[in-house]
Amino acid sequence: MRLLERSFYQRETVEVAHDLLGKIVVRQYYHHLLAGRIVETEAYTIDDEASHSHRGQTHANRAMFGPVGHAYIYFIYGNHYCLNAVARNQNHEAGGVLIRALEPINGIEFMKQFRGITDIHNLTNGPGKLAQALHITKALYGIDLTQKGELYIVDGQTIPEKDICAAPRIGISKATDVLWRFYICDNPFVSRKS
DNA sequence: CACCCGATTATCT
DNA sequence: GATAATCGGGTGT
């Protein structure tokens, strides 16, 4: 499995969100490798009212203004971390792709332990859930996802266009018209149906 | 320093 | 399907 190159992330954010489906998130946790296939994503651009980057750079969102291919991680609702891959083309100042759901591939027993449950379909089918299952916290903020390390993304199968669904993003109140949520249709690990 | 809110989840009914 | 839990960050005083 090859690492995704920096150039992969240096394209339109929405395109990268679409193309990240089928790619593999790898978490090296001490000597263990936890991995999952991306089955659901959402794009957030700087022009987008729903994006954390829309009101300009702050200390918390600085990663989204930094080099593409790095991780933007945020904490929400008092409990949950969420993982984004920084992605944008050269015309834009900021942008990110929220990783919303994974299909567990490797290290499933550790994921169960980190999540405190045994149901495999409830392990990584949500952005906060997958962060907990892979032990992703702010300690990994800004990490380069194009280099082997504690967290990175490698190539996987290409998903046929007919198997990709687009829908409005979840949990936002602004810019609900655009279909910037992508998921693999009929995949049982997607956070929810549309 | 007080206030408000949120790219969610678990746990009810 | 409804709602409580929970707390860091942004904003304004």
Side-chain angles (χ1 to χ4, degrees), chain A residues 9 12-21 23 25 36 38-66 68 70-88 92-104 111-143 145 151 153 165-184 187-194:
Chain A
Y9 301 95
E12 278 295 328
T13 308
V14 174
E15 199 176 316
V16 176
H18 173 283
D19 291 351
L20 273 172
L21 293 177
K23 305 298 189 272
V25 175
I38 298 173
V39 298
E40 182 178 353
T41 62
E42 285 177 1
Y44 288 88
T45 69
I46 191 167
D47 316 307
D48 166 18
E49 284 216 283
S51 173
H52 294 163
S53 65
H54 184 252
R55 283 172 209 185
Q57 185 174 347
T58 65
H59 187 256
N61 68 16
R62 67 191 186 283
M64 264 199 291
F65 292 79
V68 298
H70 286 242
Y72 164 54
I73 296 167
Y74 65 90
F75 185 70
I76 196 161
Y77 294 123
N79 293 337
H80 311 290
Y81 291 99
C82 296
L83 170 67
N84 297 247
V86 178
R88 62 173 179 277
H92 295 283
E93 262 190 282
V97 176
L98 172 66
I99 311 298
R100 281 196 60 88
L102 300 176
E103 178 176 319
M111 296 187 197
K112 289 179 178 175
Q113 206 173 308
F114 290 145
R115 291 272 297 122
I117 58 166
T118 57
D119 177 9
I120 192 167
H121 290 106
N122 201 18
L123 234 37
T124 54
N125 61 332
K129 295 179 187 181
L130 73 88
Q132 187 180 26
L134 298 190
H135 208 274
I136 293 170
T137 69
K138 279 226 163 147
L140 300 176
Y141 191 94
I143 194 171
L145 300 171
L151 184 66
I153 300 179
C165 292
R169 295 168 294 176
I170 289 175
I172 55 167
S173 53
K174 296 169 181 168
T176 52
D177 53 329
V178 290
L179 306 182
W180 286 357
R181 169 175 177 245
F182 300 99
Y183 61 96
I184 300 179
N187 183 284
F189 297 94
V190 165
S191 67
R192 54 174 121 158
K193 303 283 174 197
S194 281

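From a predicted model like this one, the values you see are computed outputs, not experimental measurements. Below, all heavy atoms of this structure are taken into account, side chains as well, without hydrogens, waters or symmetry copies. Just so it is clear: chains get the letters A, B, ... in the order the sequence lines come, proteins before strands, and each one is counted from 1.
- Look at A:H52 and you'll find a side-chain N or O under 4.0 angstrom from OP1 or OP2 of B:dA7.
- You can call A:Y44 stacked on the base of B:dA7; the centres are under 5.5 Å apart and the planes sit within 30°.
- The partner of B:dC3 is C:dG10, judged by Watson-Crick or G-U wobble contacts that both fall below 3.5 Å.
- A:A60 comes within contact range of the sugar-phosphate backbone alone, with a heavy-atom separation under 4.0 Å but no base atom that close.
- Checking the phosphate oxygens (OP1, OP2) of B:dA10, a side-chain nitrogen or oxygen of A:K129 falls inside 4.0 Å.
- Comparing A:N122 and A:G171, the nucleotide of DNA chain B nearest to each residue sits closer to the 5' end for A:G171.
- The separation between A:I76 atom CD1 and C:dA5 atom P is 18 Å, rounded to whole Å.
- Contact annotation: the side chain of A:L134 approaches that of A:L102 to within less than 4.5 Å [non-hydrogen atoms, C-beta and beyond].
- Atom P of nucleotide B:dA7 and atom CZ of A:R100 are separated by 11 Å, given to the nearest angstrom.
- Summarising the geometry, the separation between OH on A:Y141 and P on C:dG8 is reported as 16 Å, rounded to the nearest angstrom.
- Residue A:E93 places its CD atom among 12 or fewer non-hydrogen atoms of other residues, nucleotides or ligands, all under 6.0 Å distant.
- Straight-line distance from the CZ atom of A:F75 to the P atom of B:dC5: 19 Å, rounded to whole Å.
- Summarising the geometry, the separation between CD on A:Q57 and C1' on C:dG9 is reported as 15 Å, rounded to the nearest angstrom.
- Side-chain N/O atoms of A:R181 include none lying less than 4.0 angstrom from OP1 or OP2 on B:dA7.
- Look at A:K174 and you won't find any side-chain N or O under 4.0 angstrom from OP1 or OP2 of B:dC5.
- Centroid-to-centroid, the aromatic rings of A:F189 and A:H121 come within less than 6.0 Å.
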